[in-house]
2 protein chains.
Amino acid sequence: MDTCPPLPAFRADCPSRVVVDVLANKWVLYVLALLQKSGNPLRFNELRHLVDGVTQKSLTKTLRTLERNGLVDRRVYAAVPPRVEYRLTDLGREAAPLLAAIDSWAAQNTPAIVEARASFDTASGRA
Amino acid sequence: MDTCPPLPAFRADCPSRVVVDVLANKWVLYVLALLQKSGNPLRFNELRHLVDGVTQKSLTKTLRTLERNGLVDRRVYAAVPPRVEYRLTDLGREAAPLLAAIDSWAAQNTPAIVEARASFDTASGRA
DNA sequence: CAGCATCCTTCAAGATACTG
DNA sequence: CAGTATCTTGAAGGATGCTG
């Protein structure tokens with residue numbers, strides 16, 4: 001049930017597949033990594049500006065998905081103006097470092113990737 | 001250049017953003033994780049069957065992307081029938097464990113996620 | 001402030017057929 | 001075997017306007 005030996009989630013009918021589908025997403029990665037690095041709960045508009053380039057619609061959808069999958073806790077405060085805070089759940093606190101690690105690795109290895117890309121493009125572009 | 005303090009890749013104009021965009025992908029995760037767990041090079045159709053559910057088109061595109069970004073090496077053998085092997089580059093060998101870790105975590109925590117999801121759905125579905 | 005609703009575009013992915 | 005080419009669909013994402 002919880003594992004699909006020998007290779008988790010590679011089979012389409014494996015339950016963990018849907019979990020990977022949730023996590024292997026750009027905005028999910030940014031939101032979880034940011035909530036972790038922040039250490040504090042973040043409000044909707046805080047996330048909106050921290051996750052540069054995300055639209056309100058995409059962020060809403062991302063946060064709903066994370067909430068639905070038990071990775072993020074959405075807390076609404078009865079106040080005017082409205083105040084909604086998002087924080088990692090215990091489950092989210094486990095997953096976030098895995099995604100943050102990808103962001104860190106990406107940042108460190110961007111030059112190598114950019115170089116590989118340029119090399120590939122020139123090799124393909126010309127004979 | 002390589003880092004965007006204090007939060008890598010969260011700004012849209014940060015170069016590492018494109019690297020995250022490559023890695024935060026379902027098929028990329030599976031291909032890299034499989035190549036790592038295999039330890040050996042894998043042929044196109046081997047990957048096609050191991051990554052259950054991927055279409056030939058999507059796999060081709062995924063592999064091209066990985067090759068272009070220096071994560072996978074594509075080796076063609078002049079033979080009949082044609083033989084093409086894919087293996088991790090040094091860069092790919094660094095990145096793969098990070099993605100494999102997500103797959104493992106997903107497999108281990110699927111029950112919790114499924115439960116959270118059911119809980120959320122019943123709470124939303126009814127008053 | 002934190003969203004939901006709507007419209008519209010685009011572009012990624014599936015199905016299918018063909019080739020070096 | 002390992003792809004490429006084409007067609008079609010449908011879901012993701014942007015823009016805009018409105019609301020509790």
Side-chain angles (χ1 to χ4, degrees), chain A residues 12-13 17-18 20-31 34-35 38 40-69 72-87 120 123-125 127, chain B residues 12-13 17-18 20-31 34-35 38 40-69 72-87 120 123-125 127:
Chain A
D13 56 356
R17 186 76 169 250
V18 299
V20 172
D21 287 359
V22 169
L23 296 176
N25 174 279
K26 176 180 161 181
W27 299 133
V28 164
L29 185 150
Y30 290 134
V31 167
L34 270 167
L35 283 173
S38 159
N40 297 315
L42 293 173
R43 303 180 61 174
F44 186 85
N45 273 349
E46 286 177 329
L47 281 168
R48 184 153 144 62
H49 291 108
L50 286 170
V51 182
D52 196 35
V54 74
T55 62
Q56 172 269 325
K57 184 180 172 181
S58 296
L59 181 57
T60 297
K61 189 189 152 206
T62 300
L63 289 169
R64 284 293 170 285
T65 300
L66 291 174
E67 187 192 2
R68 181 165 110 96
N69 288 275
V72 157
D73 177 37
R74 177 175 182 271
R75 206 165 293 185
V76 183
Y77 297 91
V80 178
R83 179 182 189 86
V84 179
E85 285 182 351
Y86 293 91
R87 71 196 69 213
F120 181 89
S124 305
Chain B
D13 57 357
R17 186 78 171 249
V18 298
V20 172
D21 288 357
V22 169
L23 296 176
N25 175 280
K26 177 181 161 181
W27 300 133
V28 163
L29 185 150
Y30 289 135
V31 167
L34 270 168
L35 284 172
S38 160
N40 297 314
L42 293 174
R43 302 180 61 173
F44 185 86
N45 272 349
E46 286 177 329
L47 282 167
R48 185 153 144 63
H49 291 109
L50 286 170
V51 183
D52 195 35
V54 73
T55 62
Q56 169 271 330
K57 183 179 173 181
S58 296
L59 181 57
T60 297
K61 190 189 154 205
T62 300
L63 289 169
R64 285 292 171 284
T65 300
L66 291 174
E67 188 192 1
R68 182 166 111 94
N69 288 275
V72 157
D73 177 36
R74 179 174 181 270
R75 206 165 293 186
V76 183
Y77 296 90
V80 177
R83 179 182 189 85
V84 179
E85 285 181 354
Y86 294 90
R87 70 196 68 210
F120 181 89
S124 304

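Quick caveat: nothing in here was measured; it's all calculated off a predicted structure. Residue numbers start from 1 in every chain, and the chains themselves are labelled A, B, ... in the order their sequence lines are given, proteins ahead of strands.
Phosphate proximity of C:dA2 to A:Arg43: present, with a side-chain N or O under 4.0 Å from OP1 or OP2. Within the structure, every side-chain polar atom (N or O) of A:Arg48 is placed at least 4.0 Å from both OP1 and OP2 of C:dG3. At D:dT4, one or more side-chain N or O atoms of B:Arg64 fall inside 4.0 Å of OP1 or OP2 (strictly under the cut-off). Between D:dC1 and B:Tyr86, no contact under 4.0 Å exists linking OP1 or OP2 to a side-chain N or O.
Between the CD atom of B:Glu67 and the P atom of D:dA2 there is a distance of 15 Å, rounded to whole Å. Rounded to whole angstrom, the span from the CG atom of B:Leu63 across to the P atom of D:dA2 amounts to 11 Å. Atom P of nucleotide C:dA12 and atom CG of B:Asp21 are separated by 12 Å, given to the nearest angstrom. Rounded to whole Å, atom C1' of D:dG3 lies 16 Å from atom CZ of B:Arg83. Remark: C1' of C:dG3 and CD of A:Glu85 are 16 Å apart, rounded to the nearest angstrom. B:Leu59 places its CG atom 14 Å from the C1' atom of D:dT4, with the value rounded to the nearest Å. Atom P of nucleotide C:dT19 and atom CZ of B:Phe44 are separated by 18 Å, given to the nearest angstrom.
Distance OG1/B:Thr55 to CH2/B:Trp27: 7.5 Å, rounded to 0.5 Å. Distance check, rounded to the nearest 0.5 Å: CZ of B:Arg68 to CG of B:Leu63 gives 14.5 Å.
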Pairs: protein N or O with nucleotides 11-14 of chain D N or O, under 3.5 Å:
residue: D:dG13; atom: N7; partner: A:Lys57; partner atom: NZ; Å: 3.2
residue: D:dG13; atom: O6; partner: A:Lys57; partner atom: NZ; Å: 3.2
residue: D:dG14; atom: OP2; partner: A:Thr55; partner atom: OG1; Å: 3.2
residue: D:dG14; atom: O6; partner: A:Lys57; partner atom: NZ; Å: 2.5

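Each of B:Gln56 and A:Glu46 was matched to the nucleotide of DNA chain C holding its nearest heavy atom; the match closer to the 5' end belongs to A:Glu46.
Taking 4.0 Å as the cut-off between side-chain N and carboxylate O, B:Glu85 and B:Arg83 count as a salt-bridged pair.
Of all the heavy atoms in B:Arg48 and B:Gln56, the pair that sits closest is NH1-N, 3.6 Å. The minimum heavy-atom distance linking A:Lys26 with B:Ala24 is given by the pair N-CB, 3.6 Å.
When the nucleotides C:dA2, C:dG20, D:dG3 are ranked by their closest atom to the side chain of B:Pro82, C:dG20 comes out on top. For B:Arg74, counting side-chain heavy atoms from C-beta on, the closest listed nucleotide (D:dT4, D:dA2, C:dA2) is D:dA2.
The closest donor-acceptor contact from the side chain of A:Glu46 to the backbone of A:Arg43 lies under 3.5 Å.
Each of A:Leu35, A:Thr65, A:Leu42 was evaluated against A:Val72; a single residue qualifies, A:Leu35, per the side-chain contact (heavy atoms from CB on, under 4.5 Å) test.
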